Number of protein chains: 2
Amino acid sequence: MSTAEETAGGEVQPWAEVTPDAARRLLLAAVEAFAERGYHATTTRDIAGRAGMSPAALYIHYKTKEELLHRISRIGHEKALHILRTAARGEGSPTERLADAVSSFVRWHAGGRTTARVVQYELDSLGPEARAEIVGLRKQVNAEVRGIIEDGVRTGEFDVPDVHGTTLAVLSLCIDVARWFNVNGPRTPEEIGDLYAGLVLRMVGAKDAGSRS
Amino acid sequence: MSTAEETAGGEVQPWAEVTPDAARRLLLAAVEAFAERGYHATTTRDIAGRAGMSPAALYIHYKTKEELLHRISRIGHEKALHILRTAARGEGSPTERLADAVSSFVRWHAGGRTTARVVQYELDSLGPEARAEIVGLRKQVNAEVRGIIEDGVRTGEFDVPDVHGTTLAVLSLCIDVARWFNVNGPRTPEEIGDLYAGLVLRMVGAKDAGSRS
DNA sequence: GGCAAGGGTGAGCGAGCGCTTAGCGACCTC
DNA sequence: GAGGTCGCTAAGCGCTCGCTCACCCTTGCC
């Protein structure tokens, strides 16, 4: 299930699209710093320092500190949406597709916790226009999950009295992994993904929820 | 289920213990500001302004800005722990106690979203000693929930292969309510609490999970 | 009335912030 | 080898930050 973008350490590196090299190094440094201390507590001097550059170098590649966060947030959300779409629009029953979606979404939040933290928790640090764009992406994320659940209800595989509320809860459960997951903890992203897929199948009342590991 | 501390607006006001009055007004202003913009993005001038005071007034009642966050975080965690303890150590079957714990815990996160946001998401803004103290409280919170689940497994009411992982997931689900809950949204804290209690009973494989609203 | 005590204010300190500007060296073109 | 371009740096601007300090007003006690 792991893609070519994953390193041995498990951290996803989907930043190949960012060029030139110096801009990518700055963006990576910003992701680390934002994840560790939060957007507002991070200084441009810190970002530039982590990238091995002077503070002024940042402004050659990015207009403002906020543009850095915006770029990170957009790329991250697009990646998350892509992961969910792949699972949601794949073949298989709604049960299989929901399990696939949850486990891969959770793996992304755990394995790429650094990025996921920035993506999920620094939304409010964006300005109004940037936030509006990101909110649009989040609605698409929501729609993908709701789509699978609706499919399962239609086929009779799921028993879900409140589709909207349950969709919200499922996504919420996955997203919060980025808050508590610890790389040095006892569980791998894969283990959390499997555990959560099973829990979510139970939440939607899937017929064979118990039969999965 | 609502306590005397709840106002008509649904926002909990457990700050009666903070005296004198000026100190409480400052703390309340800080809770609002931290919840809206985050600890690091909030200025002491903003806090004092919301409380109708000059910037210097803050330092009569609190040594630093961080002490404000520490006090808020401790009081909030103690309140959350008290809510969970009341449900966990009440009478009734594990199923009833778990449903009670989840619904009241969720109600607190939704209804007192302002406070809950600060309590749950600004932990990393505390210094090492203050954070260590709060982490201790969080472990007690975790233990209460795990205790109920273990009871349910023992009586055979629950079917939980991974007690620690499921405990983590249940708490995570409840806590994340503080991130997304919207006071102007379509659902009341009570509705979310009931919905989540039902979902959690399904997660632990409770026998009568489906029979609850 | 005298006066200490405590809650409050206006002004401002030193530091660090996001960001700008002038200029430098490596490289390409001809 | 002269000149232009690009990526980058050293220095620093204007501003706001957390926090302090000298002073003031109200209150209660004798």
Side-chain angles (χ1 to χ4, degrees), chain A residues 15-73 118 122-131, chain B residues 15-73 118 122-131:
Chain A
W15 308 113
E17 62 208 277
V18 181
T19 55
D21 182 71
R24 181 170 51 248
R25 277 189 295 132
L26 282 164
L27 193 131
L28 232 114
V31 169
E32 274 180 32
F34 291 162
E36 266 179 38
R37 313 142 87 99
Y39 174 77
H40 287 294
T42 300
T43 71
T44 55
R45 285 163 176 82
D46 182 22
I47 297 169
R50 284 173 193 249
M53 292 167 160
S54 77
L58 197 152
Y59 294 92
I60 295 162
H61 300 283
Y62 302 96
K63 236 176 64 184
T64 62
K65 177 179 151 188
E66 198 201 316
E67 193 196 324
L68 257 171
L69 177 60
H70 186 190
R71 289 266 268 267
I72 292 167
S73 196
V118 179
E122 297 293 347
L123 181 64
D124 290 342
S125 302
L126 288 170
E129 327 82 33
R131 181 159 66 240
Chain B
W15 309 113
E17 63 209 276
V18 182
T19 55
D21 183 70
R24 181 171 49 249
R25 277 190 294 133
L26 281 165
L27 193 131
L28 234 116
V31 169
E32 275 180 32
F34 291 162
E36 267 179 35
R37 313 142 88 97
Y39 174 77
H40 287 294
T42 299
T43 70
T44 55
R45 285 164 175 82
D46 183 23
I47 297 169
R50 284 173 194 248
M53 291 168 161
S54 77
L58 197 151
Y59 294 91
I60 295 164
H61 301 283
Y62 302 95
K63 236 176 63 182
T64 61
K65 177 179 153 188
E66 197 201 315
E67 193 197 323
L68 257 171
L69 177 60
H70 185 190
R71 290 267 267 266
I72 293 167
S73 197
V118 180
E122 297 293 347
L123 181 64
D124 290 342
S125 302
L126 287 169
E129 327 82 33
R131 181 158 67 240

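Note on naming: letters A, B, ... go to the chains in the order of the sequence lines (proteins, then strands), and numbering restarts at 1 for each one. Model, not experiment: these values are computed from the prediction. Computation of the quantities below employed the complete heavy-atom set of this structure, encompassing side-chain atoms and omitting hydrogens, waters and symmetry-equivalent molecules.
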Report the nucleotide, chosen from D:dC17, C:dT20, C:dC19, that has the shortest atom-to-atom distance to any side-chain atom of B:Thr43. D:dC17

Taking the minimum atom-to-atom distance to the side chain of A:Ala22, which one of C:dG10, D:dC8, C:dC19 wins? D:dC8

Please find the pair of heavy atoms, one from B:Gly127 and one from B:Glu66, that lie closest to each other, and give the distance. N-OE2, 2.9 Å

Taking all heavy atoms of A:Arg45 and all of A:Pro55, pick out the closest pair and write down the distance. CG-CG, 3.7 Å

Considering just the side-chain nitrogens and oxygens of A:Thr44, establish if one lies under 4.0 Å of OP1 or OP2 belonging to C:dG18. yes

Is B:His40 close enough to D:dC17 that one of its side-chain N or O atoms is under 4.0 Å from OP1 or OP2 there? no

Rounding to a whole Å, what distance do you find between [X]:[atom1] and [N]:[atom2]?
| X | N | atom1 | atom2 | value |
| --- | --- | --- | --- | --- |
| A:Leu26 | C:dC19 | CG | P | 14 Å |
| B:Asp46 | D:dC17 | CG | P | 9 Å |
| A:Tyr59 | D:dA10 | OH | P | 17 Å |
| B:His61 | D:dG18 | NE2 | P | 18 Å |

Select from B:Ile60 and A:Leu58 the residue whose nearest nucleotide in DNA chain C is closer to the 5' end of that strand. B:Ile60

Ignoring hydrogens and angles, are the base of C:dG16 and the side chain of A:Arg45 linked by a donor-acceptor pair under 3.5 Å? no

Using the side-chain contact (heavy atoms from CB on, under 4.5 Å) definition, which of the options A:Glu32, A:Arg37, A:Glu122 pairs with A:Thr42? A:Arg37

d(B:Tyr62 OH, B:His70 NE2) to nearest 0.5 Å is 12.5 Å

